[in-house]
Amino acid sequence: GARIRFSPQADWPENAGLDQAIALLKPVKDKYGDKLSWADLIVLAGTTALKSAGAKVEPFCGGRTDASEGSGSEHLQSTIVGDISESFDALKAAFKLKGLTNLEL
(Lines give C-alpha, C1' and ligand atoms only; values in the text may rest on other atoms or scores of the structure.)
Protein backbone atom coordinates (compact mmCIF):
# COMPACT_ATOMS: atom_id res chain seq x y z
CA GLY A 1 0.00 0.00 0.00
CA ALA A 2 1.03 3.51 -0.95
CA ARG A 3 4.30 2.34 -2.53
CA ILE A 4 3.90 5.24 -4.95
CA ARG A 5 5.65 7.29 -2.23
CA PHE A 6 8.84 5.28 -2.73
CA SER A 7 11.29 4.46 -5.48
CA PRO A 8 10.88 3.12 -8.13
CA GLN A 9 7.32 4.44 -8.58
CA ALA A 10 8.04 7.90 -7.15
CA ASP A 11 10.81 8.30 -9.75
CA TRP A 12 8.68 7.55 -12.82
CA PRO A 13 8.06 10.50 -15.16
CA GLU A 14 4.26 10.12 -14.93
CA ASN A 15 4.56 10.68 -11.18
CA ALA A 16 6.46 13.96 -11.50
CA GLY A 17 5.14 16.39 -8.92
CA LEU A 18 3.79 13.61 -6.73
CA ASP A 19 5.94 14.85 -3.86
CA GLN A 20 3.91 18.07 -3.91
CA ALA A 21 0.63 16.16 -3.70
CA ILE A 22 1.98 14.05 -0.84
CA ALA A 23 3.06 17.25 0.93
CA LEU A 24 -0.50 18.59 0.63
CA LEU A 25 -1.86 15.39 2.19
CA LYS A 26 0.73 15.25 4.99
CA PRO A 27 -1.17 17.53 7.43
CA VAL A 28 -4.19 15.23 7.14
CA LYS A 29 -2.02 12.15 7.69
CA ASP A 30 -0.34 13.86 10.66
CA LYS A 31 -3.73 14.73 12.16
CA TYR A 32 -5.03 11.16 12.05
CA GLY A 33 -1.73 9.33 12.51
CA ASP A 34 -1.92 5.54 12.50
CA LYS A 35 -5.74 5.63 12.29
CA LEU A 36 -5.41 6.58 8.60
CA SER A 37 -3.02 4.80 6.27
CA TRP A 38 -1.23 6.62 3.47
CA ALA A 39 -2.78 4.09 1.11
CA ASP A 40 -6.32 4.99 2.17
CA LEU A 41 -5.56 8.71 2.16
CA ILE A 42 -4.14 8.62 -1.38
CA VAL A 43 -7.09 6.59 -2.68
CA LEU A 44 -9.57 8.87 -0.90
CA ALA A 45 -7.88 11.98 -2.32
CA GLY A 46 -7.94 10.50 -5.82
CA THR A 47 -11.57 9.43 -5.50
CA THR A 48 -12.52 12.90 -4.27
CA ALA A 49 -10.66 14.54 -7.17
CA LEU A 50 -12.37 12.31 -9.73
CA LYS A 51 -15.77 12.97 -8.17
CA SER A 52 -15.07 16.73 -8.25
CA ALA A 53 -14.22 16.39 -11.95
CA GLY A 54 -17.63 14.82 -12.57
CA ALA A 55 -16.58 11.18 -12.80
CA LYS A 56 -18.79 8.42 -11.52
CA VAL A 57 -16.96 6.89 -8.56
CA GLU A 58 -17.56 3.90 -6.35
CA PRO A 59 -18.06 4.51 -2.63
CA PHE A 60 -14.80 4.73 -0.72
CA CYS A 61 -13.85 1.62 1.22
CA GLY A 62 -10.98 2.01 3.67
CA GLY A 63 -8.79 -0.55 5.34
CA ARG A 64 -5.61 -0.50 3.24
CA THR A 65 -2.27 -0.92 4.92
CA ASP A 66 0.98 0.86 4.11
CA ALA A 67 4.18 -0.56 2.76
CA SER A 68 7.29 0.60 4.58
CA GLU A 69 9.39 0.76 1.40
CA GLY A 70 9.02 0.35 -2.37
CA SER A 71 10.56 -3.04 -3.10
CA GLY A 72 7.16 -4.56 -3.88
CA SER A 73 7.04 -2.43 -7.02
CA GLU A 74 10.17 -3.92 -8.58
CA HIS A 75 8.16 -5.94 -11.10
CA LEU A 76 6.25 -2.88 -12.31
CA GLN A 77 7.44 -0.48 -14.95
CA SER A 78 6.82 3.10 -15.92
CA THR A 79 4.23 3.78 -18.62
CA ILE A 80 6.41 6.55 -20.04
CA VAL A 81 9.61 5.59 -21.79
CA GLY A 82 11.82 8.18 -23.42
CA ASP A 83 10.42 11.63 -24.10
CA ILE A 84 6.96 12.18 -22.60
CA SER A 85 5.68 13.63 -25.88
CA GLU A 86 6.56 10.34 -27.58
CA SER A 87 4.85 8.35 -24.84
CA PHE A 88 1.60 10.32 -24.61
CA ASP A 89 -0.39 7.77 -26.61
CA ALA A 90 0.88 4.96 -24.38
CA LEU A 91 0.02 6.96 -21.26
CA LYS A 92 -3.42 7.79 -22.62
CA ALA A 93 -4.04 4.11 -23.40
CA ALA A 94 -2.94 3.11 -19.89
CA PHE A 95 -5.36 5.58 -18.31
CA LYS A 96 -8.14 4.39 -20.61
CA LEU A 97 -7.56 0.85 -19.32
CA LYS A 98 -8.03 2.27 -15.83
CA GLY A 99 -11.41 3.64 -16.87
CA LEU A 100 -10.47 7.32 -17.13
CA THR A 101 -11.78 9.53 -19.91
CA ASN A 102 -9.80 12.18 -21.80
CA LEU A 103 -11.40 14.81 -19.58
CA GLU A 104 -10.18 13.02 -16.47
CA LEU A 105 -6.62 12.87 -17.78
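Bear in mind the structure is a predicted one, so any value in this text is a computation, not a measurement.
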| request: Kindly indicate whether the side chain of Trp38, heavy atoms from C-beta on, has any atom under 4.5 Å from the side chain of Lys26. | output: yes
| field | Nearest heavy-atom neighbours spanning Glu58 and Thr47 | value | O-CG2, 4.1 Å
| said: Tell me if a side-chain donor or acceptor on Asn15 pairs with a main-chain N or O of Ala10 at a distance below 3.5 Å. | reply: no
| query | With a cut-off of 6.0 Å (strictly less than), are more than 12 heavy atoms of other residues, nucleotides or ligands near CZ of Phe60? | reply | yes
| request: Side-chain contact test, heavy atoms from C-beta onward, threshold under 4.5 Å: evaluate it for Thr65 versus Ser37 and give yes or no. | output: no
| message | Using the rule given for side-chain contact (heavy atoms from CB on, under 4.5 Å), can you reason through Ile42 versus Arg5, listing the C-alpha separation, both sets of side-chain angles and the distance that settles it, and then say yes or no? | response | CA-CA 10 Å; Ile42 291 168; Arg5 298 172 296 141; 4.2 Å; yes
| CG on Asp40 to NZ on Lys29, rounded to 0.5 Å | 9.5 Å
| Residues, nucleotides or ligands: over 12 heavy atoms within 6.0 Å of Asp34 CG | no
| Ile22 side, atom CD1; Ile4 side, atom CD1 - distance, nearest 0.5 Å | 7.5 Å
| Say you draw a straight line from CH2 of Trp12 to OG of Ser73; how long is it, rounded to the nearest 0.5 Å? | 6.0 Å
| request: Would you check if the side chain of Lys51 reaches a backbone N or O of Val57 as a donor-acceptor pair within less than 3.5 Å? | output: no
| task | Report the distance from atom OG of Ser71 to atom CZ of Phe6, rounding to the nearest 0.5 Å. | result | 10.0 Å
| task | Determine, using the 4.5 Å side-chain heavy-atom cutoff (strictly less than), whether Val43 and Leu25 are members of one ILVMFWY cluster. | result | no
| request: Hey, could you give me the SG/CG distance between Cys61 and Leu44, rounded to the nearest 0.5 Å? | output: 11.5 Å
| query | Of the non-hydrogen atoms in Ala39 and Arg64, which two are nearest, and what is the gap between them? | reply | CB-CB, 3.5 Å
